[in-house]
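Each remark here refers to the structure printed beneath this line.
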Amino acid sequence: MDRYLVFGHPVRHSKSPFIHTLFARQTQQELEYGLAEPVVDEFAQALRTFFDQGGKGCNVTVPFKEQAFTLVDRLSPRAKRAGAVNTIKLTDDGVLLGDNTDGAGLVADLKSHGVTLADSRILLLGAGGAARGALAPLLTELPSELVIANRTHTKAQQLAAEFHDLGPVTAQTYEQLAGPFDLVINSTSASLQGELPPLTPALIHTDIAIYDMMYGASDTAFISWAKQHGARQTMDGLGMLVEQAAEAFTVWRGIRPGTKQVLRELKRNLGVI
């Protein structure tokens, strides 16, 4: 049976085995999917061992995405742009192909919620790996402007300059931000600590769409804050998790699984519904 893994540290909390097991059942694919939690300096060896022992593909999560970028034989265009790899496939000719499905998962989830990206004004909070992975897919949707805000302004400036060839992307400090924005995406990990980006409540209005890449069994700190200030459409990253997994499954198996029922089952598993 074909074997797949998710590499991370920590990774025991991962819902990837749950999601991919449902995808396999849905598409009648014979595979097994497990977890691997090597310490940071043993990831390269663990990855080689997995494929030497017949592994077909893997997902890569924190903190190994940038390291995986350097370990594969070939990179997809979106992995090159992202500077990180979250999906690896062993091709038929024995090549390890590195891909990045995070941004595609984000865009797919936004569209599933009816969010219009074309001609919209988007604010992206954060300038780390999650933001980098999202930029090219977001700009491909032709927004009117994409503004990056980050606590360290120079990082936002560097990121904007790097992706400027793809569309109208700029960097602003949190103090410079002026609305209205149609969509705000929080790519920072602040919600994991129950913290908030330093965003003024004046930017929140009733027609804005709020997206937090983090998720939990209840609203994240950012979503709770946005609701308190009048945002009516709020979304967490659970749908992105399922959509990026579906993209990875398609890379591996050549068949696209449906995501709606799997997302419902995942929410039940987490106690969200």
Answer yes if Leu266 and Val6 sit in the same cluster of Ile, Leu, Val, Met, Phe, Trp and Tyr residues linked by side chain heavy atoms under 4.5 Å apart, and no otherwise.
yes

Treating Ile, Leu, Val, Met, Phe, Trp and Tyr as nodes and any side-chain heavy-atom pair under 4.5 angstrom as an edge, say whether Val115 and Leu123 lie in one connected cluster.
no

My understanding is that only residues two or more places apart in sequence, or in another chain, count here; which of them pass salt bridge (charged side-chain N to carboxylate O under 4.0 Å, His left out) with Arg81?
Asp165

Heavy-atom pair with the smallest gap, counting every atom of Arg12 and Leu35
CA-CD1, 4.1 Å

Heavy atoms, side chains only, cut-off 4.5 Å: are Thr152 and Lys155 in contact?
yes

Rounded to the nearest 0.5 Å, how far apart are CG of Leu97 and CG of Leu75?
8.0 Å

Given side chain to side chain contact (heavy atoms under 4.5 Å, CB included), test Leu47 with Gln67 step by step and report yes or no.
CA-CA 11 Å; Leu47 186 70; Gln67 194 176 349; over 6 Å; no

Contact check, side chains of Ile208 and Asp182, non-hydrogen atoms, under 4.5 Å
no

Would Phe64 and Phe7 count as a close aromatic pair, with their ring centres under 6.0 Å?
no

Is there side-chain contact between Leu106 and Met213, with heavy atoms separated by less than 4.5 Å?
yes

Exercise: identify the closest heavy-atom pair between Leu177 and Phe181
CD2-CZ, 4.2 Å

Compare all side-chain heavy atoms of His9 with those of Pro38 and state whether any distance is below 4.5 angstrom.
no

Could you check whether Gln228 and Ser224, counting side-chain N and O atoms only, form a donor-acceptor pair closer than 3.5 Å?
no

Calculate, to the nearest 0.5 Å, the distance between atoms CE and CD belonging to Met240 and Glu243 respectively.
10.5 Å

For Asp219, is there an ion pair with Lys227 - N to carboxylate O distance below 4.0 angstrom?
yes

Is it true that the side chains of Thr220 and Asp212 contain a donor and an acceptor less than 3.5 Å apart?
yes

Could you state the interatomic distance from OG1 (Thr259) to CD1 (Ile19), rounded to the nearest 0.5 Å?
10.5 Å

Any donor-acceptor pair under 3.5 Å from Asn100 side chain to Ala84 backbone:
yes

Could you tell me whether a side-chain N or O of Gln53 sits under 3.5 Å from a main-chain N or O of Phe50, the two making a donor and an acceptor?
no

Hey, any chance Leu238 and Leu22 share a hydrophobic cluster, counting ILVMFWY side chains that come within less than 4.5 Å of each other, even indirectly?
yes

For Glu66 versus Gly83, what's the shortest heavy-atom pair and its separation?
CG-O, 4.1 Å

Please answer whether the main-chain N or O of Val95 pairs with a side-chain N or O of Thr91 as donor and acceptor at a distance below 3.5 Å.
yes

Which atom names give the shortest non-hydrogen contact between Pro257 and Phe23, and what distance separates them?
CB-CD2, 3.5 Å

Worked check of side chain to side chain contact (heavy atoms under 4.5 Å, CB included) between Ile210 and Gln233
CA-CA 6 Å; Ile210 298 292; Gln233 185 177 20; over 6 Å; no

Single-linkage hydrophobic cluster, 4.5 Å side-chain cutoff, Ile204 and Leu183 together
no

Sort out for me which residue in Trp252, Tyr4, Tyr33 forms a side chain to side chain donor-acceptor pair (under 3.5 Å) with Asn59.
Tyr33

Quick check on side chain to side chain donor-acceptor pair (under 3.5 Å): which of Gln29, Arg253, Lys56 does Asp2 satisfy it with?
Arg253

In terms of heavy-atom contacts, Ser76 and Asp99 come closest through OG-OD1, 2.7 Å

According to a hydrophobic-cluster definition based on side-chain heavy atoms being under 4.5 Å apart (Ile, Leu, Val, Met, Phe, Trp, Tyr only), do Leu90 and Val72 belong together?
yes

Quick check: are there more than 12 heavy atoms from other residues, nucleotides or ligands sitting under 6.0 Å from CG of Asp92?
no

If we only count heavy atoms from C-beta on, is the Leu196 to Leu199 side-chain gap below 4.5 Å?
no

With a cut-off of 3.5 Å and sequence neighbours excluded, list every side-chain donor-acceptor pair involving residues 124-149.
residue	atom	partner	partner atom	Å
Arg132	NH1	Glu162	OE1	3.2
Arg132	NH1	Glu162	OE2	2.6
Arg132	NH2	Glu162	OE1	3.2
Thr140	OG1	Ala136	O	2.8
Glu141	OE1	Lys111	NZ	3.0
Glu141	OE2	Lys111	NZ	3.2
Ser144	OG	Ser120	O	3.1
Glu145	OE1	Arg121	NE	2.8
Glu145	OE2	Thr170	OG1	3.4

Could you check whether any side-chain heavy atom of Leu96 comes within less than 4.5 Å of a side-chain heavy atom of Leu71, counting everything from C-beta outward?
no

Got a second to check how far Lys89's NZ is from Cys58's SG, nearest 0.5 Å?
13.0 Å

Measure the spacing between CD of Glu32 and CD of Glu30 and express it to the nearest 0.5 Å.
10.5 Å

For Glu195 and Ser191: C-alpha separation, side-chain torsions, deciding distance, then whether side-chain hydrogen bond (donor to acceptor under 3.5 Å, both in side chains) applies.
CA-CA 5 Å; Glu195 299 171 356; Ser191 287; over 6 Å; no

Checking the side chain of His205 only, and the main-chain atoms of Asp207 only, is there a donor and an acceptor separated by less than 3.5 Å?
yes

Give the intermediate values and the outcome of side chain to side chain contact (heavy atoms under 4.5 Å, CB included) for residues Arg48 and Gln45.
CA-CA 5 Å; Arg48 280 193 294 270; Gln45 182 58 52; 3.4 Å; yes

So do the side chains of Ile122 and Ile185 get within less than 4.5 Å of each other, counting heavy atoms only?
yes

For residues Phe222 and Thr188, determine if any side-chain heavy atom of one lies less than 4.5 Å from a side-chain heavy atom of the other.
no

Decide whether Thr101 and Asn86 meet the rule of one side-chain donor and one side-chain acceptor closer than 3.5 Å.
yes

Determine, step by step, whether Phe249 and Thr27 satisfy the side chain to side chain contact (heavy atoms under 4.5 Å, CB included) criterion, reporting the C-alpha distance in whole Å, the side-chain angles of both residues, the deciding distance to 0.1 Å, and the verdict.
CA-CA 10 Å; Phe249 193 92; Thr27 57; 3.4 Å; yes

Taking all non-hydrogen atoms of both residues, which atom of Asn186 and which atom of Pro197 are closest, and how far apart?
OD1-CG, 3.7 Å

Modelled atom types, side-chain donor and acceptor of Asp109 and Tyr211, under 3.5 Å
yes

Any donor and acceptor pair, going by atom type alone, linking the side chain of Thr200 with main-chain N or O of Leu203 inside 3.5 Å?
no

Stepwise salt bridge (charged side-chain N to carboxylate O under 4.0 Å, His left out) check, Arg25 with Glu265:
CA-CA 13 Å; Arg25 190 179 306 158; Glu265 292 295 331; over 6 Å; no

When rounded to the nearest 0.5 angstrom, what distance separates OH in Tyr215 from CG in Asp236?
9.0 Å

